There are 2 protein chains.
Amino acid sequence: MSKAYDVMAASCPSRTVLHRIGARWTIFVITALADQGGPMRFTELKRYIQGITPKVLTETLRALETDGLVLRVDHGDNPPHVDYALTELGQSLRAPLAAVREWAETHVPDILESQQRAAGSAAGAAGTHH
Amino acid sequence: MSKAYDVMAASCPSRTVLHRIGARWTIFVITALADQGGPMRFTELKRYIQGITPKVLTETLRALETDGLVLRVDHGDNPPHVDYALTELGQSLRAPLAAVREWAETHVPDILESQQRAAGSAAGAAGTHH
DNA sequence: CGGTATCCGGAGAGATACTG
DNA sequence: CAGTATCTCTCCGGATACCG
């Protein structure tokens with residue numbers, strides 16, 4: 001039997017899924033919650049993911065909640081108390097994203113070096129055109 | 001010893017790397033070249049990755065070349081003949097991205113279902129505001 | 001075949017300030 | 001604490017057409 005979904009097909013819904021996963025801040029939120037190993041509060045996430053703005057964090061969390069990857073629990077106290085945690089589905093995304101994160105952190109030097117070389121040869125070739 | 005790079009740090013270069021990997025079409029090109037197992041030509045890639053436009057494919061390939069993930073070989077014939085292949089660094093990205101692709105294709109139904117439920121409860125709650 | 005050259009729109013990212 | 005409310009702006013991605 002053939003696969004039900006194929007990302008190479010133009011109108012396959014898996015492309016939408018991929019788009020969500022690839023969204024700028026998704027990997028950070030999932031990774032943060034995974035790193036922590038338990039529920040985190042809004043401010044805690046914001047502190048952990050350095051440089052993220054509250055607006056973007058909210059948007060990302062809402063999207064992940066909609067997709068069933070993150071569970072939002074409002075304890076309704078005053079002052080407010082809201083917890084975010086990975087759902088089971090979210091947990092299943094831990095390993096793949098951890099691998100990507102690991103790859104990124106590991107290969108920074110390689111890529112920087114390649115970029116240097118590319119910039120260098122571009123500059124060197126700059127006079128040769130036209 | 002501590003890690004040299006940490007994606008959670010605001011100005012860590014690994015964030016740029018992550019941004020590149022997360023770029024809309026990166027995973028498709030890497031995956032296509034991995035699926036194929038050998039070099040592919042421009043038109044071949046375009047046919048394989050359904051729906052990609054030539055402009056975007058070119059941009060993606062150039063970026064991947066700059067980062068040292070893809071090697072471009074121009075055979076200089078007429079008609080033109082250009083091959084693209086994964087470098088060793090590109091190969092090392094196969095496994096992580098394959099995992100993500102696999103996850104996406106596998107969990108489409110779960111996510112679609114969650115989205116349905118979210119849309120449904122949003123509609124149900126629509127009258128309750130204000 | 002293997003790309004370029006344009007033009008364009010809109011989503012998403014960011015900064016900043018404010019609120020229950 | 002946990003978000004909203006705006007506003008701005010970039011740039012990414014897509015469509016279309018053309019070139020050596």
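All chains are named by letter (A, B, ...) in the order of the sequence lines, taking the proteins before the strands, and each is independently numbered beginning at 1. Keep in mind the model is a prediction, meaning the values are calculated, not measured.
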Taking only N/O atoms, report every protein-nucleotides 17-20 of chain D pair under 3.5 Å with atom names and distance.
none

Using a strict threshold of under 4.0 Å (side-chain N to carboxylate O), is an ion pair present between Asp6(B) and Arg101(A)? yes

Rounded to whole angstrom units, what separation is found between the NE2 atom of His19(A) and the C1' atom of dG14(D)? 13 Å

For Thr16(A), check side-chain contact (heavy atoms from CB on, under 4.5 Å) against everything at least two apart and list the hits. none

Contact list please: residues 55-68 of chain A against DNA chain C, heavy atoms, distance less than 4.0 Å, in numerical order. Lys55(A)

For Trp25(B), the option from Leu61(B), Ile49(B), Leu57(B) that meets side chain to side chain contact (heavy atoms under 4.5 Å, CB included): Ile49(B)

If the cut-off is 4.0 Å, is Arg72(A) near the phosphate of dG3(D), judged by side-chain N/O to OP1 or OP2? yes

Among all residues two or more places apart in sequence or in another chain, which pass the side-chain contact (heavy atoms from CB on, under 4.5 Å) test with Pro39(B)? Asp83(B), Ala85(B)

Between dG3(C), dG13(D), dG14(D), spot the one nearest the side chain of Arg24(B), thanks. dG13(D)

Of Trp25(A) and Pro79(B), the one whose closest nucleotide on DNA chain C sits nearer the 5' end is Pro79(B)

Estimated bend of the helix from dC1(C)-dG20(D) to dG20(C)-dC1(D) (axis per five terminal pairs, rounded to 10 degrees): 60°

Does any residue of residues 27-46 of chain B have a heavy atom under 4.0 Å from DNA chain C, and if so, which ones, in number order? Arg41(B), Phe42(B), Thr43(B)

